[in-house]
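Below is one structure, written out as structure tokens; comments come after it.
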Protein chains: 2
Amino acid sequence: MITVINMAKRKPGSPKICDCQGARKSRRREAVVEVLSSGPGHLNAEQIHKAAQKRLPGIGIATVYRALKCLCGCGKVSEFIPADGVARYEPAGSRAHHDHLICTACGCFTEAVDPEIERLQERLAAKHGYKISSHRLEIYGLCPCCSKKV
Amino acid sequence: MITVINMAKRKPGSPKICDCQGARKSRRREAVVEVLSSGPGHLNAEQIHKAAQKRLPGIGIATVYRALKCLCGCGKVSEFIPADGVARYEPAGSRAHHDHLICTACGCFTEAVDPEIERLQERLAAKHGYKISSHRLEIYGLCPCCSKKV
DNA sequence: TGGAATAATGATAACCGTTATCAATATGGC
DNA sequence: GCCATATTGATAACGGTTATCATTATTCCA
Ligand SMILES: [Mn+2]
Ligand SMILES: [Mn+2]
Ligand SMILES: [Zn+2]
Ligand SMILES: [Zn+2]
């Protein structure tokens, strides 16, 4: 689920949300964006931090978390939290919605979308009188690679 | 996702998994089962602890967590972790699989199943060469009650 | 039935991902 | 350059969960 930051509730003087919100530019946020857009998707904060340190050796983990919140807030990045409870991040904005197949053996992520499933979710929600704002579908199992290894 | 406890890896002398596994009977585990089977579903550990204390005033939170792990391990209870990261528990065993509609306003849970969605998930997984072991579908939005209040 | 073996328990420390705090630093408009 | 303030890094705090360990409860069998 994408963390939506409520702009209205921000205290004056607190950090701006992102470049697109009139905030100042910073090399750290740029580094985080570069890591996300160049590396493989579905990285967690620690992995992003390590990758960012190769570009900016002194960057702290708190700054990475702040940048991620920032970038999620303005839609450049999307966050999702799989069953292990550790948030993963992937570039968003130009990328379309998708669900995830997650391998229980190697932990890899495969992106997938079934338009019919998406439609049926709307139907299911409507049947129960719900107005959908978002959904989360994760399928756990063995990826093709790990299936062979058994 | 149900936490599966690997019996083969248990060290000798460590607590047995559950009554059904040859473990000793205990009033605390019984109390936790009673709370789960009598109360509303989708309670978290803290809520279960409070309810259990009304039956057994001295019961500790650690025992509740142990009992829940126990009961999940032998299939009497199922655990799922929604987007807030806090595990919820509901009686399982006799109950069939279902997905959840979760209200973003009041936090209530509605259980729902669409057989077609279930089938299409299998198809989607097969299309990507996955062997499904489990899945998680959560739909977030406004419940009928909260929709009216806007 | 009384112990011995050991499983279960409660208190609490530890853990881990994440967020808050705060003094120091970087940025941008003038 | 100067000032206002946004950003930063170090680190403490947080919240849910798990590990530790001494004490207590349960089971089994002599
Ligand atoms: Mn993805
Ligand atoms: Mn349920
Ligand atoms: Zn795999
Ligand atoms: Zn509601």
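So you know, we letter chains A, B, ... as the sequences are listed, proteins then strands, and number each from 1.
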Task: Rounded interatomic separation in angstrom, taking CD from B:Glu30 and C1' from D:dT26 - done: 12 Å
TODO: Please state how far atom CD in A:Glu46 lies from atom P in C:dT18, giving the value in whole angstrom units.
DONE: 10 Å
Task: Whole angstrom value for the distance that separates C1' of C:dT9 from CZ of B:Arg27 - done: 13 Å
Open item on the list: What is the separation between atom CD on A:Gln53 and atom P on D:dT8, rounded to the nearest whole Å?
Closed with: 14 Å
TODO: Look at the side chain of B:Ala62 and decide which nucleotide, out of D:dT5, C:dT9, C:dA11, has an atom nearest to it.
DONE: C:dA11
TODO: Classify the side chain of B:Arg66 versus the base of C:dG10 as yes if they form a donor-acceptor pair under 3.5 Å and no if they do not.
DONE: yes
Open item on the list: Holding to ring-ring contact (aromatic ring centres under 6.0 Å, His included), I want the full list of residues that pass it with B:His49, two or more places apart in sequence or in another chain.
Closed with: none
- [ ] Find the distance A:Arg88:CZ to C:dG17:C1' and express it as a whole number of Å.
- [x] 12 Å
Open item on the list: If I take atom OH in residue B:Tyr89 and atom C1' in nucleotide D:dG16, what distance separates them, rounded to the nearest angstrom?
Closed with: 10 Å
Open item on the list: Less than 4.0 angstrom between a side-chain N/O of A:Ser26 and OP1 or OP2 of C:dA26, yes or no?
Closed with: no
Task: Any A:Tyr65 side-chain nitrogen or oxygen under 4.0 Å from OP1 or OP2 of C:dT18 - done: yes
TODO: Grab the CD1-P distance between A:Ile61 and D:dT8 for me, whole Å please.
DONE: 13 Å
TODO: Counting heavy atoms from C-beta on, name the nucleotide in D:dG9, C:dT18, D:dT27 closest to the side chain of B:Lys25.
DONE: D:dT27
TODO: Name the residue closer to the 5' end of DNA chain D, choosing between B:Arg28 and B:Asn44 according to the nucleotide with the nearest heavy atom.
DONE: B:Asn44
Task: Joint cluster assignment, A:Ile117 & B:Leu101, ILVMFWY side-chain distance < 4.5 Å - done: yes
Task: Polar side-chain atom of B:Ser133 near backbone of A:Tyr140 as donor-acceptor pair, under 3.5 Å - done: yes
Task: Residue A:Arg24, side-chain atoms from C-beta onward, closest of D:dA25, C:dT27, D:dG16 - done: C:dT27
- [ ] Using atom CD1 of A:Ile81 as one end and atom P of C:dT18 as the other, report the distance to the nearest whole Å.
- [x] 7 Å
- [ ] Report yes if at least one side-chain N or O of B:Lys69 is closer than 4.0 Å to OP1 or OP2 of D:dT18; otherwise report no.
- [x] yes
Only distances under 3.5 Å count here; give the side-chain donor-acceptor pairs of residues 33-45 of chain B to other protein atoms, sequence neighbours excluded, each with its distance to 0.1 Å.
residue	atom	partner	partner atom	Å
B:Glu34	OE1	B:Arg55	NH1	2.7
B:Ser37	OG	B:Val33	O	2.8
B:Ser37	OG	B:Glu34	O	3.4
B:Ser38	OG	B:Glu34	O	2.8
B:Ser38	OG	B:Arg55	NH2	3.3
B:His42	NE2	B:Glu90	OE1	3.0
B:His42	NE2	B:His100	NE2	3.1
B:His42	NE2	B:Glu111	OE2	2.9
B:Asn44	OD1	B:Glu46	N	3.1
B:Asn44	OD1	B:Gln47	N	2.8

Open item on the list: Could you see if A:Leu137 belongs to whatever hydrophobic cluster contains B:Phe80? Use Ile, Leu, Val, Met, Phe, Trp, Tyr and a side-chain cutoff under 4.5 Å.
Closed with: no
Open item on the list: What's B:Ile59 touching, base or sugar-phosphate or nothing? Going by heavy atoms closer than 4.0 Å.
Closed with: sugar-phosphate
